[in-house]
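Here the structure is laid out as structure tokens; the discussion comes afterwards.
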There are 2 protein chains.
Amino acid sequence: MHIGEITKLSGLDAQTIRFYEYQGLLTMPARQANGYRTYTDIHVEQLSFIRRCRMLELSLTDIRALLKLKSAPHESCEVINTLINGHIAEVQARITSLQTLEKQLTSLMSCCADGREIEDCGILASLHEKSEH
Amino acid sequence: MHIGEITKLSGLDAQTIRFYEYQGLLTMPARQANGYRTYTDIHVEQLSFIRRCRMLELSLTDIRALLKLKSAPHESCEVINTLINGHIAEVQARITSLQTLEKQLTSLMSCCADGREIEDCGILASLHEKSEH
DNA sequence: AAAAACTATCAAGTTACTATAAGGTCAATA
DNA sequence: TATTGACCTTATAGTAACTTGATAGTTTTT
Ligand SMILES: [Zn+2]
Ligand SMILES: [Zn+2]
Ligand SMILES: [Zn+2]
Ligand SMILES: [Zn+2]
């Protein structure tokens with residue numbers, strides 16, 4: 001199949017698919033005499049795998065690592081657990097950080113009321129305060 | 001003062017300060033005959049303001065908007081409230097999205113146990129599943 | 001005088017695409 | 001047959017906000 005059909009099957013943009021190929025995440029497809037790429041079901045599977053990983057916001061580096069591990073089927077899968085756990089930790093840390101941010105922003109909002117002029121804006125004043133560390 | 005001193009006062013890297021100048025976020029400092037930038041207390045204040053905004057993860061575009069508003073002190077500050085509220089909404093949406101992600105990743109982790117070989121890894125199997133939409 | 005510290009500019013790398021440009025190929029239609 | 005339109009190709013640049021590196025000129029210290 002050509003690239004147009006695999007975009008439909010995989011839900012990925014043609015440019016993105018070529019990009020993954022360039023990044024070494026996708027087995028190189030065969031080429032026709034005219035230069036067109038020819039994909040197989042294997043490519044569909046590979047792209048589905050990548051897409052599922054991306055929806056979990058795994059980085060392309062992480063995905064590359066997973067793909068490499070798949071080629072060593074008899075090693076321990078502990079590395080995979082470690083990778084996913086590391087990713088979970090990143091996500092949790094980011095949630096915590098954003099929750100702190102949300103509190104700060106909400107508190108900032110409470111510094112101002114409607115109908116003020118900009119020179120009296122409590123939000124701007126608060127952003128200008130010297131206090132910190 | 002030179003750039004080295006203002007890095008200490010502002011907590012920002014010299015390159016970052018030059019970058020902000022290039023981005024039009026910072027009043028252009030005077031130059032000495034040798035080309036060295038000369039900063040004043042005004043620049044320290046401007047950089048502190050930018051830094052505080054960045055710690056709240058406001059974008060440089062948002063900061064540019066805030067700086068522009070400051071030059072119109074008699075307009076209503078409603079736009080500022082809108083900007084910050086919009087930012088809060090972004091943060092909240094991202095938190096929600098990451099919490100969903102965390103659940104999915106935790107559920108993924110439960111698909112595998114220690115001591116398996118990669119070909120039997122439940123995580124990899126799960127990432128390969130066709131089910132979706 | 002030589003070395004260390006400071007400053008300058010410019011270019012490239014980071015992430016994972018996305019968009020644009022310019023052009024070759026193919027099938028169907030007028 | 002000519003041409004339209006859909007499809008494919010490569011290459012380049014842009015996104016966000018820096019960060020790193022290269023190269024070079026200036027000032028201060030030893
Ligand atoms: Zn990760
Ligand atoms: Zn206000
Ligand atoms: Zn924002
Ligand atoms: Zn496993």
Side-chain angles (χ1 to χ4, degrees), chain A residues 1-26 28-40 43 46-47 49-67 83 86-87 90-91 94 97-98 101, chain B residues 1-26 28-40 43 46-47 49-67 83 86-87 90-91 94 97-98 101:
Chain A
M1 74 191 80
H2 288 166
I3 202 167
E5 195 176 346
I6 208 172
T7 60
K8 286 164 201 151
L9 292 177
S10 68
L12 292 167
D13 185 63
Q15 291 281 54
T16 303
I17 294 169
R18 295 192 193 102
F19 174 71
Y20 288 159
E21 178 190 333
Y22 178 72
Q23 291 289 310
L25 296 172
L26 189 62
M28 292 260 287
R31 297 286 188 129
Q32 290 178 337
N34 57 15
Y36 287 19
R37 291 171 177 81
T38 306
Y39 296 97
T40 66
H43 296 100
Q46 290 179 347
L47 287 173
F49 179 80
I50 296 171
R51 181 160 182 257
R52 217 159 284 120
C53 289
R54 286 297 298 138
M55 291 195 315
L56 296 171
E57 298 194 19
L58 289 164
S59 68
L60 298 192
T61 300
D62 284 345
I63 297 173
R64 231 187 307 272
L66 288 176
L67 291 171
L83 190 151
H87 194 57
E90 288 168 16
V91 169
R94 185 62 182 146
S97 160
L98 285 174
L101 214 54
Chain B
M1 73 190 83
H2 287 168
I3 203 167
E5 195 176 347
I6 209 173
T7 60
K8 285 165 200 150
L9 292 177
S10 68
L12 292 167
D13 185 62
Q15 290 283 53
T16 303
I17 293 169
R18 296 192 192 102
F19 174 71
Y20 287 159
E21 178 190 334
Y22 179 72
Q23 291 289 309
L25 296 172
L26 190 63
M28 291 260 287
R31 297 285 188 129
Q32 290 178 337
N34 58 14
Y36 286 19
R37 291 170 177 81
T38 307
Y39 297 97
T40 67
H43 296 100
Q46 290 179 347
L47 288 173
F49 178 81
I50 296 170
R51 181 162 182 257
R52 219 160 282 121
C53 290
R54 286 298 297 140
M55 291 197 313
L56 296 172
E57 298 194 19
L58 288 164
S59 68
L60 297 193
T61 300
D62 284 345
I63 297 173
R64 230 186 308 271
L66 289 176
L67 292 172
L83 191 151
H87 195 56
E90 288 169 17
V91 169
R94 185 63 181 145
S97 159
L98 285 175
L101 214 54

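Given the structure is predicted, the values throughout are model-derived calculations rather than measurements. Residue numbers begin at 1 in each chain, while the letters A, B, ... track the order of the sequences.
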Do [X] and [Y] have side chains that get closer than 4.5 Å, going by heavy atoms?
X        : Y       : value
A:Leu58  : A:Leu66 : yes
A:Met1   : A:His43 : no
B:Leu60  : B:Tyr20 : yes
A:Leu101 : B:Met55 : no

Round to a whole Å and report the spacing from [atom1] of [X] to [atom2] of [N].
X       : N      : atom1 : atom2 : value
B:Leu12 : D:dT19 : CG    : C1'   : 14 Å
B:Ile17 : C:dT7  : CD1   : P     : 10 Å
A:Leu26 : C:dC17 : CG    : C1'   : 16 Å
B:Arg54 : D:dA16 : CZ    : P     : 12 Å
A:Ile3  : C:dC26 : CD1   : P     : 16 Å
A:Glu5  : D:dA6  : CD    : P     : 18 Å
B:Glu57 : D:dA16 : CD    : C1'   : 12 Å
B:Leu25 : D:dC18 : CG    : C1'   : 12 Å

Check: Checking B:Arg94 side chain against A:Arg94 main chain: does a donor-acceptor pair fall under 3.5 Å?
Finding: no
Margin query: Taking the axis from the first five pairs and the axis from the last five, what angle separates them in the helix from C:dA1-D:dT30 to C:dA30-D:dT1, rounded to 10 degrees?
Written below: 40°
Check: What pair of heavy atoms forms the shortest contact from B:Ile17 to B:Ile6, and how long is it?
Finding: CD1-CG2, 3.6 Å
Notebook entry, point to check: Counting any heavy atom closer than 4.0 Å, what does B:Tyr22 reach on the DNA or RNA strands: base, sugar-phosphate only, or nothing?
Noted result: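 Answer is nothing: B:Tyr22 stays at 4.0 Å or more from every strand.
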Next item on the list: Tell me what A:Ser59 touches on the nucleic acid: a base, only sugar-phosphate, or nothing, going by heavy atoms under 4.0 Å.
Entry: sugar-phosphate
[X] side chain N/O closer than 4.0 Å to the phosphate oxygens (OP1, OP2) of [N]?
X       : N      : answer
B:Arg37 : C:dA8  : yes
A:Thr16 : C:dT18 : yes
A:Arg31 : D:dT10 : yes
B:Arg18 : C:dC10 : no

Check: When you match A:Asp13 and B:Ala14 each to their closest nucleotide on DNA chain C, which lands nearer the 5' end?
Finding: B:Ala14
Margin query: Would you compute the distance between atom CZ of A:Arg37 and atom CG of A:Leu26 and round it to the nearest 0.5 angstrom?
Written below: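 It is 9.5 Å, given to the nearest 0.5 Å.
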Notebook entry, point to check: What is the distance from atom CG of B:Asp62 to atom CG of B:Leu67, rounded to the nearest 0.5 Å?
Noted result: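 Going from CG on B:Asp62 over to CG on B:Leu67, the span is 11.0 Å.
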Next item on the list: Summarise how protein sits on nucleotides 21-30 of chain D as a single string, 5' to 3': B when a protein heavy atom is under 4.0 Å from the base, S for sugar-phosphate-only contact, - for no contact.
Entry: B---BBS---
Check: What residues, two or more places apart in sequence or in another chain, satisfy ring-ring contact (aromatic ring centres under 6.0 Å, His included) together with B:Phe19?
Finding: none
Notebook entry, point to check: So A:Leu9 and A:Leu47, side chain to side chain contact (heavy atoms under 4.5 Å, CB included) or not? Walk me through it.
Noted result: CA-CA 9 Å; A:Leu9 292 177; A:Leu47 287 173; over 6 Å; no
